[in-house]
Amino acid sequence: MEPSSAENVDRTDLDKHEFSQYILQEHGTYFPKFADMSVFAESVPDLKQRIKQLQTRHTAELEKLYAHQAAQYLDDALDRYMAQDDEANGGYSGSIDELYGQSRRRRASLEARFDRETTSVRLAHMETVAPLLYKLAKKQREEEETRKRREAQFPPSAAEFYMIQDKELQQRIARFLTSDAIVQDKMLSEYGWEWRQVRGLKEAYSKDSTFKDEIQRRVAVVKDPRRKPTIT
C-alpha cells in the first residue's frame, strides 16, 4: 500500500524534528552565528587561525553526520526488509514489482533527505566562515596597501634615515645607495620611488663620509653575516 500524502507530511516533519534534535545534541545550538565569534578574530593571523579551526570543525561535523546517516540508512533498510518479509508471509496481494518499487521510493526519499541535511550543514558553515573570509581579504588588502605605502617612503636626509623604525626598509635604502645606476633604476620602478625623491639622500651619501661608511657597513654585514657591526 502506498503511503498517503498525510503520512508523507508526518514523516517529513518527523525527519526534520529528528535532524534538529541531532544538531542540538551534537552542537548545543542549531548553528553558530558569526556575531558570537567575531571577538575571536582581529588580526590576519587570528583570522586565518579561526578560519582553519572552523574548517577543521566542519570536516569533523560532516564525518559525524555521515556516520549518523549511515546508521539511519541501515536501520531503515532493515525496517524495509522486515516489512517486505512480513507482507510476503502475510499473503501480500500486490505484485513483487510494486513491493520493491515502494522500497526503492523510500530509499530515494531517504537519500534526498540526507542531501538536504548535508546541504544545511554546509550552508551553515559557509554563513559562519564567509564573513571571516571577507574580513580576512579586507585586512590583507589593507596590509598590502600599507606595505606599498611604506615601501614608497624614502627619507630626504640622513637624520630621517636613522629615524626609520622599519629595519628592512632601512636596509633596502642602504642597498639602493650602494648600487650602480642600473640597479637603482630597477629599484625605483620596483618600489615606486622617484629621482627627485631620492636625490637628497644620495647627495648626503656622496658628501657625508660618516654616513657613507655607515651605509656601506650595513650592506657589508648583510652580504657577509660573519662580519659584526662595529657601530650601533
Side-chain angles (χ1 to χ4, degrees), residues 31-59 122-232:
F31 290 118
K33 298 298 184 182
F34 172 67
D36 299 331
M37 298 178 296
S38 59
V39 293
F40 293 103
E42 292 298 334
S43 67
V44 167
D46 289 338
L47 285 164
K48 287 183 177 180
Q49 181 181 13
R50 184 58 181 159
I51 290 169
K52 184 177 180 180
Q53 290 173 343
L54 288 172
Q55 290 173 336
T56 300
R57 189 182 73 179
H58 177 57
T59 299
R122 290 185 183 277
L123 288 176
H125 170 69
M126 288 308 302
E127 288 176 358
T128 301
V129 80
L132 293 174
L133 291 170
Y134 172 79
K135 192 172 184 180
L136 173 62
K138 182 179 178 182
K139 283 189 172 291
Q140 286 177 324
R141 286 195 302 270
E142 291 173 351
E143 288 191 358
E144 178 66 12
E145 292 171 358
T146 300
R147 182 187 65 80
K148 288 181 178 179
R149 287 194 299 270
R150 184 177 67 248
E151 289 182 348
Q153 295 175 358
F154 202 98
S157 66
E160 292 194 34
F161 172 83
Y162 289 118
M163 291 174 62
I164 296 175
Q165 299 296 316
D166 188 336
K167 299 303 181 183
E168 183 179 349
L169 178 57
Q170 271 193 339
Q171 194 61 38
R172 184 180 300 126
I173 293 171
R175 183 162 59 89
F176 171 82
L177 292 173
T178 57
S179 297
D180 58 35
I182 295 176
V183 174
Q184 285 184 347
D185 280 337
K186 182 180 178 181
M187 293 182 72
L188 286 173
S189 299
E190 183 177 357
Y191 298 111
W193 297 332
E194 298 180 4
W195 275 115
R196 60 179 176 80
Q197 182 183 9
V198 304
R199 187 179 298 120
L201 195 62
K202 280 174 62 69
E203 290 178 358
Y205 178 76
S206 299
K207 297 177 180 179
D208 186 340
S209 59
T210 302
F211 178 59
K212 184 174 183 177
D213 289 345
E214 168 65 10
I215 292 298
Q216 290 179 341
R217 181 194 62 79
R218 287 172 181 259
V219 173
V221 169
V222 172
K223 289 181 178 179
D224 186 357
R226 292 172 299 180
R227 295 185 58 176
K228 296 183 178 180
T230 57
I231 303 176
T232 57

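What you see is a predicted model, and the numbers here were worked out from it, not measured in a lab. Hydrogens, waters and symmetry mates play no part in the numbers below; they use all other heavy atoms, side chains included.
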Engineer: Q53 vs R50, test: side chain to side chain contact (heavy atoms under 4.5 Å, CB included). Steps then yes/no.
Structural biologist: CA-CA 5 Å; Q53 290 173 343; R50 184 58 181 159; 3.3 Å; yes

Engineer: Report the C-alpha separation of K212 and Q216 in whole Å, then their side-chain angles, then the decisive distance to 0.1 Å, and conclude whether the side chain to side chain contact (heavy atoms under 4.5 Å, CB included) test is met.
Structural biologist: CA-CA 6 Å; K212 184 174 183 177; Q216 290 179 341; 3.5 Å; yes

Engineer: Can you establish whether the number of heavy atoms outside Y134 located under 6.0 Å from its atom OH is more than 12?
Structural biologist: no

Engineer: Enter the distance from I173:CD1 to E160:CD here, rounded to the nearest 0.5 Å.
Structural biologist: 10.5 Å

Engineer: Under 3.5 Å, side chain of Q197 to main-chain N/O of A152, donor-acceptor pair present?
Structural biologist: yes

Engineer: Would you say the side chain of P155 lies within less than 4.5 Å of the side chain of I164, judging by non-hydrogen atoms?
Structural biologist: yes

Engineer: Check whether any side-chain heavy atom of Q171 lies under 4.5 Å from a side-chain heavy atom of K167, and answer yes or no.
Structural biologist: no

Engineer: Which value, rounded to the nearest 0.5 Å, describes the distance between H58 atom NE2 and I51 atom CD1?
Structural biologist: 14.0 Å

Engineer: Do W193 and Q153 come within less than 4.5 Å of each other through their side chains, counting heavy atoms only?
Structural biologist: no

Engineer: Looking only at heavy atoms, which two atoms of T210 and D208 are closest? And how far apart?
Structural biologist: N-OD1, 3.1 Å

Engineer: Between M126 and P131, what is the shortest heavy-atom contact and its length?
Structural biologist: O-CD, 4.3 Å

Engineer: Kindly state whether the ring of F161 and the ring of F211 have centres lying under 6.0 angstrom apart.
Structural biologist: yes

Engineer: Is any side-chain heavy atom of Q184 closer than 4.5 Å to one of K202?
Structural biologist: yes

Engineer: So, R199 and E203, do they make that salt bridge, N to O below 4.0 Å?
Structural biologist: no

Engineer: If I take atom CG from residue L201 and atom CG from residue L177, how far apart are they, to the nearest 0.5 angstrom?
Structural biologist: 5.0 Å

Engineer: Salt bridge (charged side-chain N to carboxylate O under 4.0 Å, His left out) with E190: which residues, sequence neighbours excluded?
Structural biologist: none

Engineer: Kindly indicate whether the side chain of T146, heavy atoms from C-beta on, has any atom under 4.5 Å from the side chain of R149.
Structural biologist: yes

Engineer: When you compare the side chain of D185 with that of I182, does any pair of heavy atoms fall below 4.5 Å?
Structural biologist: no

Engineer: Please identify each residue that fulfils salt bridge (charged side-chain N to carboxylate O under 4.0 Å, His left out) with R147, with sequence neighbours left out.
Structural biologist: E144, E151

Engineer: Hey, could you give me the CG/CG distance between L132 and L136, rounded to the nearest 0.5 Å?
Structural biologist: 8.5 Å

Engineer: Using the salt bridge (charged side-chain N to carboxylate O under 4.0 Å, His left out) criterion, which residues pair with D213? Sequence neighbours excluded.
Structural biologist: none

Engineer: Indicate yes or no: does R218 engage E214 in a salt bridge with an N to O separation below 4.0 Å.
Structural biologist: yes

Engineer: How are the rings of F154 and F176 set to each other: parallel, tilted or perpendicular (split at 30° and 60°)?
Structural biologist: perpendicular

Engineer: For the NZ atom of K135 and the CG atom of D46, what is their distance to the nearest 0.5 Å?
Structural biologist: 9.5 Å

Engineer: Walk me through whether T128 and H125 qualify under side chain to side chain contact (heavy atoms under 4.5 Å, CB included).
Structural biologist: CA-CA 5 Å; T128 301; H125 170 69; 5.5 Å; no

Engineer: Checking E143 side chain against Q140 main chain: does a donor-acceptor pair fall under 3.5 Å?
Structural biologist: no

